[in-house]
Structures are given as C-alpha cells and as structure tokens.
Amino acid sequence: MGPRDLPPLGRDGEAPDGAFPEAFRAQLDHLMRMRRDVRRFRKDPVDEAVLARCLNAIQLAPSVGLSEPWRILRITSDAARTAALKNFESANAEALAGYSGERASRYAGLKLSGMREAPVQLAIYCDDETAQGHGLGAGTMPEMRRYSVVTAITLFWLTLRAEGLGLGWVSVLDPDQLSRDLQVPEGWQLVGYFCIGLPEELHDSPELERQGWEMRQPSLAIETR
Ligand SMILES: Cc1cc2nc3c(=O)[nH]c(=O)nc-3n(C[C@H](O)[C@H](O)[C@H](O)COP(=O)(O)O)c2cc1C
C-alpha cells in the first residue's frame, strides 16, 4: 500500500486547531529523543513488509518544487556490497591519517559503519537533473534538491525507529568511486549510504558522546537580526 492509498486522517482526539493529541506529541518527542545513528546490527533479516512501510515515508517528504529527486538503490549483490565496504575501509583509513595524537587514537576506536553486518543497505542519491518540479526553487539554489532528499531520509529514519529498526548513515566514502561501482546515471549525486537492521542495543544518547568524541550543545543558540 503506497502513502496515497491510506485512508483519510481521522480527526478524533484532535484539538479544534488541528493539533495532535498531547499523548501523541509526547510519544513523538520520545521517538525523536530515542532516534540514534546505529552502527551495530543484529544479523536477523528485516521484515520486508515493515521495510516497505518505512520506505513509504519517503514519498511523504517535502521536496523543492515537488521534484521528489530521491533515487534509491538497494545494495544486494556480493559484488556491490564488497565494493562499498572496500570504499568505506579505504576512506576511513585516509580519514584516520588526517588526525594525530589523541584524536587519532580516538578516531581509530570509533565504529563508523555497520556495513559488514547490516542486512539491508541502501545508497540514496539525488537526481540533480530531474525535470520533475520544473526547476521551481532549484534555479536559484540547486542544492535544494539535495536538501529535499535529506528531509526524506529524516522521515525514513524516524519511521524505522518507530518500527524498532535502526539506521546508520555512512558518509566516509569516495562518492565518485561508489557511483562508478554502482553504475549510477550521470547527474545523480550521492547523499548517503545507509545500513538498516535490528539494533544490537538501544540508547538515549549518541554513540559519539558515549565514546568521548563530541558532545551535543546543551541549548539551542538563536541569534536575532
Ligand atoms: C549527514 C550525516 C552523515 C553522517 N555520517 C556518518 C558516518 O559516516 N559514520 C557514522 O558512524 N555516523 C555518521 N553519521 C551519524 C552521526 O555521527 C550522528 O547522527 C551524531 O553523532 C548524533 O548521533 P545520533 O544520530 O545517534 O543522535 C552521520 C549523520 C549525518 C546526519
């Protein structure tokens, strides 16, 4: 069932101004707090019906000019998975070489992808040359198409988490090499490589905080002009 086949939203329990019920808002807040970038996956397969439901969230995302520029490749073959993993390993070694001293040992201790274990792996691209949307908004700022793909990934990420699945975003990659290995069309730009599966553990704080790499800011800074 695609998102457009869903029954109309009921207004039961909604406030007259269209706000969702307080209990729902509390759950949504909880979902956002408990979303994590996951790098440690169980090897159990992912239920295809659940995955399909989560992928539907992508079609609900906003996009500049309604261009829907997301392009999704599911990486299933041994050859494609091996090429992606090799790509990550060499980019990760190169990144490590850019650090020194204590930062280098901390970096070396991080696990920055679950590509060896994750049962589902996707490479998500942005089609920078799509005619859909007739260029609205992208004429002045072409990067808006890529931002649109990121909004879709965020919805997908939260939906996966709500279904008990984890997502790990891998960006330590040579995008040109990956695009050659996956034989993607000209004009597609890599937005990220994604590992999906059942998480080994659940956490309410980022792994990079727990590993002492970086901390979230305690509050949101807002400047005025
Ligand atoms: C655009 C983007 C790229 C990222 N790339 C990586 C990556 O290559 N490897 C990794 O382990 N985590 C990656 N992450 C995850 C971040 O490290 C993570 O979101 C951050 O530390 C906060 O943790 P949390 O997502 O669990 O709240 C990426 C996240 C984003 C949004």
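Keep in mind that what you see is a predicted model, and the values were worked out from it rather than measured. Just so you know, these numbers use all the heavy atoms, side chains as well, and skip hydrogens, waters and symmetry mates. Counting starts at 1 for both ligands and their atoms, following the listed order.
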Per-pair distances, 0.1 Å, donor-acceptor, side chain in residues 217-225, under 3.5 Å, sequence neighbours excluded:
| residue | atom | partner | partner atom | Å |
| --- | --- | --- | --- | --- |
| Glu223 | OE1 | Arg225 | NH1 | 3.0 |
| Glu223 | OE1 | Arg225 | NH2 | 2.9 |

List for me each residue that meets side chain to side chain contact (heavy atoms under 4.5 Å, CB included) alongside His134, sequence neighbours excluded, and say none if there are none.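 Once residues adjacent in sequence are excluded, His134 has no partner under the side chain to side chain contact (heavy atoms under 4.5 Å, CB included) criterion.
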Applying side chain to side chain contact (heavy atoms under 4.5 Å, CB included), name anything that partners Glu207, two or more places apart in sequence or on another chain.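 Applying side chain to side chain contact (heavy atoms under 4.5 Å, CB included) to Glu207 gives Arg39, Arg40, Lys111, Arg210, Gln211.
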If hydrophobic clusters are built by linking Ile, Leu, Val, Met, Phe, Trp and Tyr wherever their side-chain heavy atoms come under 4.5 Å apart, do Val170 and Leu198 end up in the same one?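 Hydrophobic grouping puts Val170 apart from Leu198.
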What do you reckon, are the aromatic ring centroids of Trp213 and Tyr99 less than 6.0 Å apart?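 Under 6.0 Å, so yes.
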What residues sit with at least one heavy atom under 4.0 Å from ligand 1?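 Residues Arg35, Arg36, Asp37, Arg39, Leu112, Trp169, Val170, Ser171, Val172, Pro206, Leu208, Arg216 each place a heavy atom under 4.0 Å from ligand 1, listed by chain and number.
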Sole residue of Arg36, Arg35, Met215, Glu214 in side-chain contact (heavy atoms from CB on, under 4.5 Å) with Pro206: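 Exactly one pass, corresponding to Arg36.
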